[in-house]
**Student:** 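One structure, pasted below without further comment.
Just so it is clear, the model here is predicted, and its values are computed rather than measured. The basis for the numbers below is simple: all heavy atoms, side chains too, and nothing from hydrogens, waters or symmetry mates.
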Amino acid sequence: MGHIFSGSSIVDQENVAGYGAGSILAYYTSASDKNGQIQCLAYSKDNGRTFTKYEKNPVLRPSDGLKDFRDPKVFWYAPESKWVMIVSADKEMRFYDSHNLKDWNYLSSFGEGYGVQPCQFECPDMVELPVDGDINHKKWALIVNVNPGCYFGGSATQYFIGDFDGTKFICDNQPNVTKWMDWGKDHYATVTWSDAPDNRRIAIAWMSNWQYANDVPTSQYRSPNSVPRDLSLFAIDGGIYLQSAPSPELLKLRDVSKKRSFKVNGTRIVKDLIPNNEGAYEIELSLKNQQAEVIGFRLYNDKGEEVDMQYDMKEKKFSMDRRKSGEVSFNENFPMLTWTAIGDKDEMKLRLFVDRSSVEAFGDGGRFAMTNQVFPSEPYNHISFYSKGGAYKVDSFVVYKLKK
């Protein structure tokens with residue numbers, strides 16, 4: 001019925017659809033000039049090894065013939081014992097429900113005029129989470145991937161905080177308020193898992209941007225995924241925001257035998273972060289301000305390629321500059337400095353995941369995240385610190401080689 005686009009899968013534990021308890025149901029978009037974009041179903045009785053398409057596809061068509069109608073996200077809504085599907089519909093999201101997983105009824109829509117405008121809404125998701133860990137105070141986060149519309153151009157992930165009553169999503173904020181899930185250039189098509197252990201909500205994003213996704217200087221692949229991130233909500237300054245922290249399973253990737261703790265010397269340069277340029281590594285870093293206006297550091301290699309990161313205490317910003325990161329000439333939209341607001345801080349804690357073609361930064365336990373691709377000719381194996389307008393202190397600096 002067309003090309004298979006994005007979607008989501010569920011495990012039918014109670015045999016609601018009739019294909020057997022534990023069957024996997026995959027909901028996806030079929031796209032063609034003849035049929036447009038329609039939502040279809042396939043099922044698997046062998047734990048996902050093979051799938052059979054539902055003989056009565058599609059399970060959902062846009063009632064108004066909308067051209068951009070795709071990316072079904074299906075989840076269980078316990079208060080009404082039903083399934084809910086969100087579908088991206090041009091510049092809004094549409095909600096549907098079902099009790100048999102085959103027949104879907106329209107409920108409502110949300111998004112027209114909200115967030116960055118105008119832009120294409122894609123790859124929806126919605127999660128309910130406690131605010132600051134309080135299980136008696138929960139909010140829904142509606143995750144909306146947009147293209148174009150990124151703060152720095154191209155594609156990105158925004159979200160809305162509000163309430164969902166099984167029919168409508170009511171946003172807490174005014175339409176012109178935009179909240180970004182990640183402040184880098186390469187974070188898109190975010191998806192989450194329902195019913196993860198310990199009520200966790202884990203997200204993974206596609207690490208690229210449609211401005212240059214087809215042009216990146218790689219062979220045999222077109223951009224990786226982000227590291228998995230545990231989502232939570234926190235309240236600050238009268239607003240509620242998503243926090244994206246590296247999932248704790250990533251700690252198992254640390255090669256503790258290659259752990260290195262550094263004291264920053266008088267030249268403020270550390271050579272050979274990972275001996276022999278052995279690839280991916282993680283940095284845990286804590287900085288304390290002592291009247292500096294800017295505290296920065298550069299990851300670089302012997303070829304002079306670098307990624308420059310700064311805490312601008314005067315402007316209250318954290319930034320990552322990849323304009324000299326290596327190969328940047330393949331697309332005019334790739335050289336870029338990205339930044340996010342940080343507020344007043346005397347101590348800055350940062351985790352960095354540095355791979356052969358990416359840098360993922362997490363500040364303050366994930367209260368901000370910044371994901372950027374880079375294409376150096378060899379790994380960044382050195383770091384140098386600097387400040388402007390005053391002194392600072394590197395309180396702790398630990399590097400872990402990451403296992404393959």
**Student:** Any chance the side chains of Ser109 and Arg94 put a donor and an acceptor closer than 3.5 Å?
**Tutor:** no
**Student:** To the closest 0.5 Å, what do you measure between CE (Met126) and OG (Ser194)?
**Tutor:** 10.5 Å
**Student:** Can you confirm whether the side chains of Thr192 and Asp125 place a donor and an acceptor under 3.5 Å from each other?
**Tutor:** yes
**Student:** Does Tyr392 have its ring centroid less than 6.0 Å away from the ring centroid of Tyr311?
**Tutor:** no
**Student:** Hey, are Lys185 and Gln373 close enough side-chain-wise for a donor-acceptor pair under 3.5 Å?
**Tutor:** no
**Student:** For Gly304, does its backbone N or O pair with a side-chain atom of Asn301 as donor and acceptor, under 3.5 Å?
**Tutor:** yes
**Student:** Taking Asp186 for its side chain and Val374 for its backbone only, find out whether a donor-acceptor pair lies under 3.5 Å.
**Tutor:** no
**Student:** Can you measure from CD (Glu282) to NZ (Lys259) and round to the nearest 0.5 angstrom?
**Tutor:** 11.0 Å
**Student:** For Ser44 and Thr50, indicate whether the former's side chain and the latter's backbone hold a donor-acceptor pair under 3.5 Å.
**Tutor:** yes
**Student:** Hey, does Ile204 have a side-chain heavy atom less than 4.5 Å from the side chain of Arg229?
**Tutor:** no
**Student:** State whether Glu306 and Arg298 are salt-bridged, where the test is any N-O pair (Lys NZ or Arg NE/NH1/NH2 against Asp/Glu carboxylate O) under 4.0 Å.
**Tutor:** yes
**Student:** Between Met207 and Ser357, is any pair of side-chain heavy atoms under 4.5 Å apart?
**Tutor:** no
**Student:** What side-chain donor-acceptor pairs closer than 3.5 Å can you find for residues 170-177, not counting sequence neighbours?
**Tutor:**
{"residue": "Asp172", "atom": "OD1", "partner": "Lys139", "partner atom": "NZ", "Å": "3.3"}
{"residue": "Asp172", "atom": "OD2", "partner": "Lys139", "partner atom": "NZ", "Å": "3.1"}
{"residue": "Asn173", "atom": "OD1", "partner": "Lys179", "partner atom": "NZ", "Å": "3.1"}

**Student:** According to salt bridge (charged side-chain N to carboxylate O under 4.0 Å, His left out), who are the partners of Lys324, at least two apart in sequence or on a separate chain?
**Tutor:** none
**Student:** Cut-off 3.5 Å, side chains only: do Asn381 and Asp272 have a donor facing an acceptor?
**Tutor:** yes
**Student:** Are more than 12 heavy atoms, taken from residues, nucleotides or ligands other than Lys393, located less than 6.0 Å from that residue's NZ atom?
**Tutor:** no
**Student:** For Val74, does its backbone N or O pair with a side-chain atom of Ser8 as donor and acceptor, under 3.5 Å?
**Tutor:** yes
**Student:** Please indicate whether Asn199 has more than 12 foreign heavy atoms, meaning atoms of other residues, nucleotides or ligands, lying under 6.0 Å from its CG.
**Tutor:** no
**Student:** Keeping Arg49 on the side-chain end and Asp46 on the backbone end, is there a donor-acceptor pair under 3.5 Å?
**Tutor:** yes
**Student:** Does anything in residues 283-306 form a ring pair (Phe, Tyr, Trp, His ring centres under 6.0 Å)? List the pairs, not counting sequence neighbours.
**Tutor:** Phe297-Phe385, Tyr300-His382
**Student:** Is there a donor-acceptor contact under 3.5 Å from the side chain of Asn105 to the main chain of Tyr96?
**Tutor:** no
**Student:** Backbone N or O of Phe69 within a donor-acceptor pair of the Gln37 side chain at under 3.5 Å?
**Tutor:** yes
**Student:** Can you confirm whether Trp76 sits close enough to Val84 that some side-chain heavy atom of one is under 4.5 Å from a side-chain heavy atom of the other?
**Tutor:** no
**Student:** Quick check: are there more than 12 heavy atoms from other residues, nucleotides or ligands sitting under 6.0 Å from NZ of Lys67?
**Tutor:** no
**Student:** Would you call Glu347-Lys345 a salt bridge at under 4.0 Å N-O?
**Tutor:** no
**Student:** Does the ring of Phe334 carry Arg322 above it, NZ/CZ under 6.0 angstrom from centre and within 45° of its axis?
**Tutor:** yes
**Student:** When you measure from the side chain of Thr371 to the backbone of Gly184, do you find a donor-acceptor pair of N or O atoms at a distance under 3.5 Å?
**Tutor:** no
**Student:** Between Glu305 and Ser377, do the side chains contain an N or O donor and an N or O acceptor separated by less than 3.5 Å?
**Tutor:** yes
**Student:** Going from CG on Asp134 to CG on Leu129, what distance comes out if it is rounded to the nearest 0.5 angstrom?
**Tutor:** 13.0 Å
**Student:** Can you confirm whether or not the ring centre of Trp104 sits under 6.0 Å from the ring centre of Tyr27?
**Tutor:** yes
**Student:** Mark yes or no: Arg367 above the aromatic ring of Phe234, with NZ or CZ under 6.0 Å from the six-membered ring centre and no more than 45 degrees from the axis.
**Tutor:** yes
**Student:** Atom CG in Asn333, atom CG in Asn331: separation rounded to 0.5 Å?
**Tutor:** 5.0 Å
**Student:** If we ignore hydrogens and angles and just use 3.5 Å, is the side chain of Tyr380 paired with the main-chain N or O of Ser325 as donor and acceptor?
**Tutor:** yes
**Student:** Classify the ring geometry of Trp183 against Tyr151: parallel below 30°, tilted from 30° to 60°, perpendicular beyond 60°.
**Tutor:** perpendicular
**Student:** About how many Å separate NZ of Lys82 and CG of Leu107, when rounded to the nearest 0.5 Å?
**Tutor:** 5.0 Å
**Student:** Using only heavy-atom distances, determine whether the side chains of Asn100 and Ser98 contain a donor-acceptor pair under 3.5 Å.
**Tutor:** yes
**Student:** Does atom CG of Asp195 have more than 12 heavy-atom neighbours, drawn from other residues, nucleotides or ligands, at distances under 6.0 Å?
**Tutor:** no
**Student:** Which heavy-atom pair separates Ile161 from Ala141 by the least distance, and what is that distance?
**Tutor:** CD1-CB, 3.8 Å
**Student:** Measure the acute angle between the ring planes of Phe164 and Tyr77, then classify it against the limits of 30° and 60° as parallel, tilted or perpendicular.
**Tutor:** perpendicular
**Student:** Kindly check if the number of other-residue, nucleotide or ligand heavy atoms within 6.0 Å of NZ (Lys53) is above 12?
**Tutor:** no
**Student:** Is the cationic atom of Arg351 (NZ for Lys, CZ for Arg) positioned less than 6.0 Å from the six-membered ring centroid of Phe362 and within 45 degrees of its normal?
**Tutor:** no
**Student:** Measure across Ser384 and Ile269 and return the closest heavy-atom pair with its distance rounded to 0.1 Å.
**Tutor:** CB-CG1, 3.7 Å
**Student:** Run the numbers on Lys314 and Asp312 for salt bridge (Lys or Arg N to Asp or Glu O under 4.0 Å), then give the verdict.
**Tutor:** CA-CA 6 Å; Lys314 188 174 182 180; Asp312 189 321; over 6 Å; no
**Student:** Thr338 and Asn372: side-chain donor and acceptor closer than 3.5 Å?
**Tutor:** yes
**Student:** Under the rule for side-chain contact (heavy atoms from CB on, under 4.5 Å), what residues qualify as partners of Cys40, not counting sequence neighbours?
**Tutor:** Met1, Tyr28, Ser30, Ile38, Asn57, Pro58
**Student:** If we ignore angles and hydrogens, is there a donor and acceptor under 3.5 Å between the side chains of Gln39 and Thr29?
**Tutor:** yes
**Student:** Do the non-hydrogen side-chain atoms of Met370 and Thr340 ever get within less than 4.5 Å of each other?
**Tutor:** yes
**Student:** Please list all pairs passing the side chain to side chain donor-acceptor pair (under 3.5 Å) test where one or both residues lie in residues 231-247, with sequence neighbours left out.
**Tutor:** Asp230-Ser247
**Student:** Indicate yes or no: at least one non-hydrogen side-chain atom of Pro124 is less than 4.5 angstrom from one of Asp71.
**Tutor:** yes
**Student:** Measuring from atom CH2 of Trp206 to atom SG of Cys123, what distance do you get when rounded to the nearest 0.5 angstrom?
**Tutor:** 9.5 Å
**Student:** For residues 110-122, pull every pair meeting side chain to side chain donor-acceptor pair (under 3.5 Å), keeping only residues two or more places apart or in separate chains.
**Tutor:** Arg70-Glu122, Glu122-Tyr188
**Student:** With under 30° as parallel and over 60° as perpendicular, where do the rings of Phe121 and Phe160 fit, or are they tilted in between?
**Tutor:** tilted
**Student:** Answer yes or no: is there a donor N or O on one side and an acceptor on the other, between the side chain of Asn145 and the main chain of Ala189, under 3.5 Å?
**Tutor:** yes
**Student:** Would you please say whether a donor-acceptor pair under 3.5 Å links the side chains of Glu327 and Ser329?
**Tutor:** yes
**Student:** I'd like to know if the side chain of Ser108 pairs up with that of Thr167 as donor and acceptor (distance under 3.5 Å, no hydrogens or angles considered).
**Tutor:** no
